[in-house]
Amino acid sequence: MMKTEILKKLRNTNEYISGQTICKELGVSRTAVWKAVNQLKEEGYEFEAVQNKGYKIAKYPDLITKSEIESQIDQAAVIKNVKFFQEVDSTNNEAKRSAENGAADGTLFIAESQTGGRGRRGKNWVSPAGSGIWMSLLLRPQLTPTYAPMLTLIAAVAAAEAIAQVMTDASPDVCTQVKIKWPNDIVVNGRKVCGILTEMSAEMDSIHFVVIGLGINVNTTEFEDSIKDIASSLYAESGQHIKRAEIVLAFEKAFTRYYQYFQDKQDLSKVQDTYNSMLINVGRQVRVTEQNGDFTGIAKGTNEKGELIVQKQDGSEVCIAAGEVSVRGLYGYV
Ligand code: BT5
C-alpha cells in the first residue's frame with residue numbers, strides 16, 4: 001500500500017526525501033506518489049516540502065489507520081496486517097466474521113468507533129469516536145482450548161506495560177499507578193482505563209482461532225453516566241494527550257515478547273512475576289461470586305495457569321480460573 005510505504009520512508013529519517021527518490025525506490029509514478037501524499041494531507045499529516053530537496057513530515061495526526069500502524073510494525077511482530085474501520089459494530093465481531101472467512105493469524109481489526117462494543121457476558125463497552133482504541137487481534141495458536149484464558153493475562157500484562165510506558169513518557173509519576181485488576185482490567189489510580197475480552201472458536205482439542213479485544217480510553221475527557229464513577233482515561237490521569245498509535249505499537253511490542261515466552265513454555269511462568277507485580281488485588285480482600293454462592297478472601301496473586309489464588313477465612317487457598325467467576329473488591333470496584 002502506497003501510503004504505508006511513503007510513511008515508512010519519511011518516518012525513518014529527519015532528512016528531506018525527494019519525490020523522485022520515492023518514485024524510484026517504490027517503482028511507481030510521480031502522479032501516484034503525489035496522489036498518496038495528498039491523501040495523507042487530507043488525513044491530517046502535515047508535510048514540509050522544500051524545492052529541490054523534497055518532503056519531510058512536520059506533524060503526525062492522532063490516527064490509528066492501517067497505514068499509520070502498518071508503517072511502524074516490526075517484521076517479527078505478532079501483528080502482521082491491519083484492517084481499519086471508521087465505524088463497526090464490534091471489532092471482536094468483525095474479527096470473528098473475518099476469521100470464519102479465513103482471515104490470517106496476526107490480523108488486527110481496529111475501529112475509530114463501535115456501535116455495539118461488548119464487555120464480558122453481554123455487558124456494554126462504551127466506544128465513542130476519536131478518543132479511544134478499540135481493537136481486536138486474531139490469533140490461530142496451536143494450543144488446546146484450556147490455554148485460551150491465559151492469553152487474556154498475556155494481553156493484560158502487555159497492555160499494562162504499554163500504558164505504563166507511554167504514561168511514563170507523558171507524566172513520570174503516574175506510571176507506578178498502572179495496575180491490573182484480575183483478570184482483564186487495567187486501572188490507573190483505581191479507575192478502569194482498559195478492558196479485555198477474549199473469545200474463541202474451538203473443538204474439544206484444538207483452537208480454530210482466538211480473538212483478543214482491547215478497549216483503551218486514551219484521550220477521553222467525558223464519560224457517560226453509566227461509567228463515570230469507575231472509568232478514566234490516560235489523558236485524565238496524566239494530563240497529557242497521547243497519540244493512540246503509540247500505545248498500539250507499545251502493546252504490539254510487549255505482546256509479541258510475552259506471547260513468544262508463552263508459546264515456548266506453554267505456561268505463564270515467564271509472565272507471572274511481572275503480572276503479579278502489577279496486580280492490584282494482591283493483599284486485598286475480594287469477593288468471589290460463583291454460581292453456587294459468594295465468598296470473601298484475601299487475593300494472593302496468580303499461579304502459572306493465570307488462576308487467582310484466594311485465601312479463604314479458614315486459611316485454605318483456592319485457585320479461581322479466569323472466566324468462571326467475577327471478582328469484586330469488597331469496598332467498591334477494586
Ligand atoms: C471488559 O468487559 O472490560 C472487556 C471490554 C472489551 C472491549 C473491547 S473494545 C474492542 C473489542 N470489541 C468489543 O466489542 N469489545 C472489545 P467487562 O469486564 O465485562 O467490563 C464491562 C464493564 O466495563 C461495563 O459493564 C461497564 O461498567 C464498564 N465499561 C464500559 N465501557 C467502558 C469504558 N469505555 N471504559 C471503562 N469502563 C467501561
Side-chain angles (χ1 to χ4, degrees), residues 64 69 79 82-99 107-139 149 151-153 155-156 158-160 162-163 178-200 209-237 244 247-248 251 255 280-281 286 288-289 308 320 322-329 332-334:
I64 44 171
I69 296 172
I79 299 173
V82 176
K83 298 228 181 297
F84 170 76
F85 302 83
Q86 202 60 48
E87 183 179 283
V88 75
D89 54 348
S90 145
T91 52
N92 265 40
N93 293 355
E94 184 61 37
K96 290 197 285 184
R97 287 190 292 261
S98 299
T107 307
L108 183 77
F109 300 80
I110 188 161
E112 195 61 67
S113 75
Q114 297 185 120
T115 52
R118 295 185 289 111
R120 293 173 303 163
R121 292 182 282 278
K123 282 185 275 179
N124 175 42
W125 183 260
V126 180
S127 341
S131 60
I133 298 170
W134 327 123
M135 66 179 183
S136 302
L137 178 58
L138 168 65
L139 296 174
L151 292 172
T152 300
L153 278 84
I163 289 169
V178 181
K179 300 279 178 196
I180 300 168
K181 176 176 174 278
W182 187 86
N184 70 322
D185 292 351
I186 313 299
V187 297
V188 180
N189 294 322
R191 287 172 164 262
K192 181 161 174 173
V193 297
C194 166
I196 301 169
L197 173 67
T198 306
E199 297 181 289
M200 80 169 155
F209 61 81
V210 174
V211 169
I212 305 175
L214 290 100
I216 308 175
N217 303 320
V218 182
N219 293 317
T220 326
T221 49
E222 274 177 51
F223 292 93
E224 58 175 61
D225 284 354
S226 63
I227 56 168
K228 73 173 192 309
D229 294 336
I230 60 156
S232 193
S233 70
L234 309 195
Y235 171 72
E237 297 306 321
R244 290 171 294 166
I247 301 167
V248 176
F251 170 78
F255 185 83
I280 199 165
N281 309 89
V286 289
V288 179
T289 311
L308 186 70
I320 318 282
E324 265 176 25
V325 289
S326 82
V327 174
R328 285 274 167 260
Y333 168 63
V334 290

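Atoms within a ligand are numbered from 1 in the order they appear, just like the ligands themselves. Since this is a predicted model, take the numbers as computed values, not measurements.
Side-chain contact between I110 and V82 is present, with at least one heavy-atom pair separated by less than 4.5 Å. M200 places none of its side-chain heavy atoms less than 4.5 Å from the side chain of K96. Within the 4.5 Å cutoff, the side chain of W182 has no heavy atoms near those of the T152 side chain. Contact of the I247 side chain with the I216 side chain is registered, since non-hydrogen atoms from C-beta on lie closer than 4.5 Å.
Every atom of ligand 1 is numbered from 1 in the order shown, and the set under 4.0 Å from a heavy atom of R120 is 2 (O), 17 (P), 18 (O), 19 (O). Short contacts between ligand 1 and G117, defined as distances under 4.0 Å to a heavy atom of the residue, involve ligand atoms 14 (O). Contact atoms of ligand 1 toward S136: 11 (C) (distance under 4.0 Å to a heavy atom of the residue). Under a 4.0 Å criterion applied to the non-hydrogen atoms of M135, ligand 1 contributes the atoms 10 (C). Shown in contact with R118 at under 4.0 Å from a heavy atom are these atoms of ligand 1, numbered in order with element: 5 (C), 6 (C), 7 (C), 13 (C), 14 (O), 15 (N), 16 (C).
Counting only heavy atoms of the protein, atom 27 (O) of ligand 1 lies nearest to I230 CD1, 3.6 Å. Protein heavy atom closest to atom 25 (O) of ligand 1, with residue, atom name and distance, is K123 CD, 3.4 Å. Among all protein heavy atoms, the one lying closest to atom 34 (N) of ligand 1 is V126 O, 2.9 Å. Protein heavy atom at the shortest distance from atom 10 (C) of ligand 1 is T91 OG1, 3.1 Å. Nearest protein heavy-atom contact of atom 30 (C) of ligand 1 is N124 O, 3.3 Å.
Closest heavy-atom approach to atom 5 (C) of ligand 1 within the set W125, F109, F223: this belongs to W125. When the heavy atoms of R121, K192, Q114, K228 are ranked by distance to atom 23 (O) of ligand 1, first place goes to K192.
Aromatic ring orientation, F85 versus F109: parallel (interplanar angle below 30°, classes split at 30° and 60°).
The N/O atoms of N217, backbone and side chain alike, include one that comes under 3.5 Å of an N/O atom in ligand 1. No N or O atom of A231 sits closer than 3.5 Å to an N or O atom of ligand 1. Polar contact check, W134 against ligand 1: no nitrogen or oxygen pair lies under 3.5 Å apart.
For residues 83-95, the salt bridge (Lys or Arg N to Asp or Glu O under 4.0 Å) pairs, not counting sequence neighbours, are D89-R97, E94-R97.
With sequence neighbours left out, E224 forms a side-chain hydrogen bond (donor to acceptor under 3.5 Å, both in side chains) with S226.
Residue V193 does not touch ligand 1, judged by heavy-atom distances below 4.0 Å. The proximity of I227 to ligand 1, defined as any non-hydrogen pair under 4.0 Å, is limited to the side chain.
Listed for the N217 side chain is a donor-acceptor partner under 3.5 Å among the backbone atoms of S232.
A donor and an acceptor atom, one from each side chain of N92 and S136, are located under 3.5 Å apart. Judged purely by distance below 3.5 Å, without hydrogens or angles, the side chains of N93 and R118 pair a donor atom with an acceptor atom.
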Quiz item: Does the side-chain contact (heavy atoms from CB on, under 4.5 Å) test come out yes or no for V210 and T198, once each step is laid out?
Solution: CA-CA 7 Å; V210 174; T198 306; 3.6 Å; yes
